[in-house]
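Structure first, then comments.
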2 protein chains.
Amino acid sequence: MAETVLRAYGDWANVTKVIIDDVAAEAGVSIKTVSRVMNREPNVRPATRQKVEEAAKRLGYRPNASARGLAGNRSYLIALLYDSPSAAYLTNLQSGVLAATQAENYGMVLQPCQYDDPHLADKILTTIRDARLDGVVLTPPLSDHRGLIDSLVDAGIPHVIVSPPATYMETSGGLCVYVDDKAAAQEMTAYILGTGLTRIAFIKGTPTHGAALQRFDGYKDALKAAGLDLDPELVKQGYFDFESGVKAAEELLALPQPPSAIFASNDEMAAGVLHVAHERGLKVPDDVSVVGFDDTPLSRQIWPALTTVRQPIRQMGGCAARMLISRIRQSGDAASTALPYELVIRHSTGGPK
Amino acid sequence: MAETVLRAYGDWANVTKVIIDDVAAEAGVSIKTVSRVMNREPNVRPATRQKVEEAAKRLGYRPNASARGLAGNRSYLIALLYDSPSAAYLTNLQSGVLAATQAENYGMVLQPCQYDDPHLADKILTTIRDARLDGVVLTPPLSDHRGLIDSLVDAGIPHVIVSPPATYMETSGGLCVYVDDKAAAQEMTAYILGTGLTRIAFIKGTPTHGAALQRFDGYKDALKAAGLDLDPELVKQGYFDFESGVKAAEELLALPQPPSAIFASNDEMAAGVLHVAHERGLKVPDDVSVVGFDDTPLSRQIWPALTTVRQPIRQMGGCAARMLISRIRQSGDAASTALPYELVIRHSTGGPK
DNA sequence: CTGAAAGCGCTTACAG
DNA sequence: CTGAAAGCGCTTACAG
């Protein structure tokens with residue numbers, strides 16, 4: 001009979017409800033000790049810790065997030081802050097953040113932002129306070145917003161940025177997760193040179209993105225290392241979107257002496273280059289090689305498939321979340337981390353595949 | 001001096017802290033009445049409601065989510081459930097859900113799922129219980145997972161699905177947000193016929209997706225309306241991904257009598273078709289017209305730009321969230337809603353642009 | 001290294 | 001239509 005009652009509509013939620021007192025009783029300790037173990041606090045004897053962990057597992061205990069938040073005057077939530085990144089970038093990053101976050105008994109919330117908003121920092125600080133957020137992860141271009149980061153530092157809000165470290169961050173102890181964009185761009189440029197092409201154009205990314213500058217630096221370094229001069233005519237300003245790739249390519253390919261290769265600093269702009277090449281009846285890579293950066297799904301879905309640089313976006317998200325939570329807990333030794341990139345050679349360049 | 005103290009590191013969070021008692025005092029009512037207003041409960045005199053709303057606004061009051069959750073034994077959170085949709089689809093939908101959710105004093109959490117997991121329903125029910133989720137919105141293909149939906153109904157969990165309504169839902173009072181996929185596919189097929197092409201192939205989507213079936217039905221209806229017979233040779237099974245589009249196109253274009261147009265039931269597969277056409281040196285749309293469905297950013301970034309069907313994904317997310325919250329509050333009259341689609345004619349077909 | 005007491009800011013259940 | 005009391009399940013601040 002009892003079973004019937006339990007299975008009735010709406011009663012499903014009452015089937016079990018394990019609270020901290022149950023775990024404390026099961027483990028033979030106080031609730032405060034259970035609390036210490038669940039929050040990975042130090043100063044618990046290993047034997048006690050294990051006893052509690054086993055009891056919690058046996059009972060299927062899940063701490064009540066609301067109670068934790070109310071008592072602690074915080075949310076156990078971290079926010080992912082973004083301003084219209086590409087869909088692929090955002091979903092990959094958030095998937096990494098989410099997984100790491102859940103593993104640590106934290107939650108993740110999403111917060112769209114507007115880089116250009118003059119009150120950006122105030123608004124974000126208000127949101128953080130209202131929602132009692134424990135910390136934030138900043139993605140490009142917010143990760144390069146000096147005013148915002150300064151506000152976060154002033155307010156003592158734990159944060160991690162997904163971007164190469166800016167010089168001013170070194171003194172503030174800011175945490176970064178990134179890929180060595182400069183080295184990657186240098187290596188890719190060297191690869192193109194290795195296919196026998198020397199007249200290589202470059203489409204820069206949004207100037208406010210730290211990574212955009214790094215990539216351009218890598219390109220220049222590779223040219224210099226090969227003893228080549230940089231031809232200013234071959235460098236165009238883009239904004240990491242398809243349209244600016246189209247515009248840059250139109251200018252580049254209309255040159256009296258057009259480039260034999262175009263290195264766009266992300267895949268979307270490279271797709272724009274391909275678009276223009278096709279319109280002009282140019283063969284890729286026979287007439288012109290094209291290279292991107294990011295290895296988004298797009299790079300496989302356009303034709304020909306794009307040679308590009310792969311960043312481990314999902315891992316970067318997980319790493320950022322773990323570093324942030326470690327800092328929130330003031331445990332351990334979180335330090336800025338560079339993750340490995342990888343050159344992906346496909347069919348838009350002429351070298352060996 | 002006080003200001004100095006308040007602006008010190010870490011003290012920033014203490015600048016203001018308005019709680020329900022402050023609002024009650026300001027408005028001259030009890031905290032229970034404030035609570036009623038904040039939760040949009042009925043049975044509050046309009047004058048009282050307004051008094052409270054003004055007091056709350058004046059003080060900048062934001063209810064403490066943790067306290068609400070603890071006292072109410074629920075989270076005021078809705079979850080967006082998904083299983084690897086395209087990145088563009090997910091970010092658009094979640095952006096709509098998020099905006100609607102915040103406007104109603106609710107929060108949104110993300111929950112990746114695995115359609116094929118035999119314990120899917122149990123796992124989701126456990127998550128819902130552990131996190132005290134108030135409701136869930138299901139995206140394809142989860143929205144077409146009969147077992148999952150039945151479990152939700154049995155457990156009395158409020159839910160909304162983003163998918164055309166299945167017949168069995170009508171009796172259960174299930175809520176759907178969708179676009180009339182069948183009518184859209186029919187209209188698009190008619191458009192292709194209108195450009196003078198009659199040998200139109202169709203690449204079907206994942207069979208478990210309700211929308212995939214609807215689209216195929218629309219294609220068949222348009223053929224029939226034009227007095228044309230369906231040629232089984234011209235219908236291929238795809239799975240909504242690039243690779244299956246490639247495979248289907250290879251078979252189709254190798255036919256002794258290849259189609260003059262290919263209607264892929266989403267953009268990703270259409271990108272696969274374009275890829276194969278380019279490899280074979282076929283001109284699009286001169287040699288073969290290609291059509292997609294969804295109007296993802298991809299459709300503008302491939303070459304030639306794709307003729308496709310636009311769904312208002314973001315609005316669908318907002319609508320789903322509002323319907324769900326209305327059902328959670330048991331207020332009003334939420335009903336399944338069809339949103340308008342739109343044909344987007346670009347350069348992969350031969351008719352007037 | 002561990003625990004007993006108080007309290008976080010709301011909603012529920014009840015009363016009127 | 002409105003309100004007074006109790007309590008949700010944790011963490012904090014303190015004690016030892």
Side-chain angles (χ1 to χ4, degrees), chain A residues 13-14 16-52 55-56 59 61-77 105-107 129-132 134 328-330, chain B residues 13-14 16-52 55-56 59 61-77 105-107 129-132 134 328-330:
Chain A
N14 296 323
T16 57
K17 192 190 249 174
V18 181
I19 64 174
I20 196 170
D21 301 80
D22 301 325
V23 179
E26 175 86 6
V29 299
S30 74
I31 63 166
K32 176 62 213 178
T33 296
V34 177
S35 171
R36 285 196 179 92
V37 172
M38 297 312 294
N39 289 299
R40 313 223 198 299
E41 285 176 32
N43 299 335
V44 179
R45 224 190 312 159
T48 310
R49 184 179 297 277
Q50 193 183 344
K51 217 164 46 178
V52 171
L59 266 31
Y61 172 63
R62 303 279 307 167
N64 181 314
S66 298
R68 294 215 295 164
L70 179 56
N73 191 33
R74 56 214 200 80
S75 62
Y76 292 87
L77 248 32
N105 279 331
Y106 268 73
R129 187 197 56 202
D130 285 347
R132 279 88 176 163
D134 282 11
I328 289 166
R329 291 192 175 127
Q330 307 188 355
Chain B
N14 296 324
T16 58
K17 192 191 250 173
V18 181
I19 64 174
I20 197 170
D21 300 81
D22 300 325
V23 180
E26 175 87 7
V29 299
S30 74
I31 62 166
K32 177 62 214 178
T33 296
V34 176
S35 170
R36 284 196 179 92
V37 173
M38 298 310 294
N39 289 299
R40 314 225 200 297
E41 285 176 32
N43 299 335
V44 178
R45 225 190 313 160
T48 310
R49 183 179 297 275
Q50 193 184 344
K51 216 165 46 175
V52 171
L59 266 30
Y61 172 62
R62 303 278 308 166
N64 181 314
S66 298
R68 294 215 294 163
L70 179 56
N73 191 32
R74 56 214 198 80
S75 62
Y76 292 87
L77 248 33
N105 279 330
Y106 269 73
R129 188 198 55 199
D130 285 347
R132 279 88 176 162
D134 282 12
I328 288 167
R329 291 193 175 126
Q330 305 187 356

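Residue numbering restarts at 1 for every chain, and letters A, B, ... go by the order of the sequence lines. Values below: all heavy atoms of this structure, side chains included; hydrogens, waters and symmetry mates excluded.
Note: CG (N73(A)) to P (dC10(C)) measures 11 Å, nearest angstrom. Summarising the geometry, the separation between CZ on R129(A) and P on dG9(C) is reported as 14 Å, rounded to the nearest angstrom. Atom CD1 in I19(A) sits about 9 Å away from atom C1' in dC8(D), given to the nearest Å. Look at CG on N64(B): it is 18 Å from P on dC8(D), rounded to the nearest Å. Regarding R329(B), its CZ atom lies at a distance of 11 Å from the P atom of dT11(C), rounded to whole Å. Atom CE in M38(B) sits about 15 Å away from atom P in dG9(C), given to the nearest Å. For the pair D130(B) CG and dC10(D) P, the interatomic distance rounds to 12 Å; values are reported in whole Å. R132(B) has its CZ atom 16 Å from the C1' atom of dT12(C), to the nearest Å.
Residues S66(A) and L70(B) come closest through the heavy atom pair CB-N, 3.4 Å. When all heavy atoms of R36(B) and N43(B) are compared, the pair lying nearest together is CD-O, 4.3 Å.
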Exercise for the section: Kindly determine whether K51(A) and V37(A) satisfy side chain to side chain contact (heavy atoms under 4.5 Å, CB included), including the steps that lead there. Expected result: CA-CA 10 Å; K51(A) 217 164 46 178; V37(A) 172; over 6 Å; no

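Look at Y61(A) and you won't find any side-chain N or O under 4.0 angstrom from OP1 or OP2 of dG9(D). Taking 4.0 angstrom as the limit, S35(B) places a side-chain polar atom (N or O) nearer than this to OP1 or OP2 of dT11(C). OP1 or OP2 of dT11(C) has at least one side-chain nitrogen or oxygen of N39(B) nearer than 4.0 Å. The side chain of R68(B) contributes no N or O atom lying less than 4.0 Å from OP1 or OP2 of dG9(C). For the OP1/OP2 pair of dC8(D) and a distance below 4.0 Å, the side-chain nitrogens and oxygens of S66(A) include no atom meeting the criterion. Phosphate contact (OP1/OP2 of dC1(D), side-chain N/O of N43(B), threshold under 4.0 Å): present.
Only one option out of R129(A), R74(A), R329(A) pairs with D134(A) in a salt bridge (Lys or Arg N to Asp or Glu O under 4.0 Å); it is R74(A).
Checking N39(A) against R68(A) by side-chain atom types alone, a donor-acceptor pair falls below 3.5 Å.
Residue-to-nucleotide proximity on DNA chain D shows that, of T48(B) and P63(A), the 5′-proximal contact is made by T48(B). The residue among R36(B) and Y76(B) whose nearest nucleotide of DNA chain C lies closer to the 5′ end is Y76(B).
Partners of R62(B) by salt bridge (charged side-chain N to carboxylate O under 4.0 Å, His left out), not counting sequence neighbours, listed by chain and number: D130(A). Listed by chain and residue number, nothing satisfies the salt bridge (charged side-chain N to carboxylate O under 4.0 Å, His left out) test with R45(B) (two or more places apart in sequence, or in another chain). Applying the ring-ring contact (aromatic ring centres under 6.0 Å, His included) test to Y76(B) and every residue at least two apart in sequence or in another chain returns Y106(B).
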Practice task
Whenever both distances are under 3.5 Å in a Watson-Crick or G-U wobble pair, mark it; put DNA chain D into dot-bracket that way, with [ ] for crossing pairs and | when the partner is on another strand.
Solution key: |||.||||||||.|||

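Side chain of L70(B), nearest nucleotide from dT2(C), dG9(D), dC10(C): dG9(D). Set against dC1(D), dG9(C), dC10(D), the side chain of R45(B) has dC1(D) as its closest nucleotide.
Heavy atoms from other residues, nucleotides or ligands lying under 6.0 Å from CD of E41(A) number more than 12.
Near DNA chain D, defined here as any heavy-atom distance below 4.0 Å, the residues from residues 20-34 of chain B are V29(B), S30(B), K32(B), T33(B), listed numerically.
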Which pairs of donor and acceptor atoms, one on a side chain in residues 23-33 of chain A, lie under 3.5 Å apart (sequence neighbours left out)?
unit_1	atom_1	unit_2	atom_2	d
E26(A)	OE2	R58(A)	NE	2.8
E26(A)	OE2	R58(A)	NH2	3.1
S30(A)	OG	K32(A)	N	3.3
S30(A)	OG	T33(A)	N	3.4

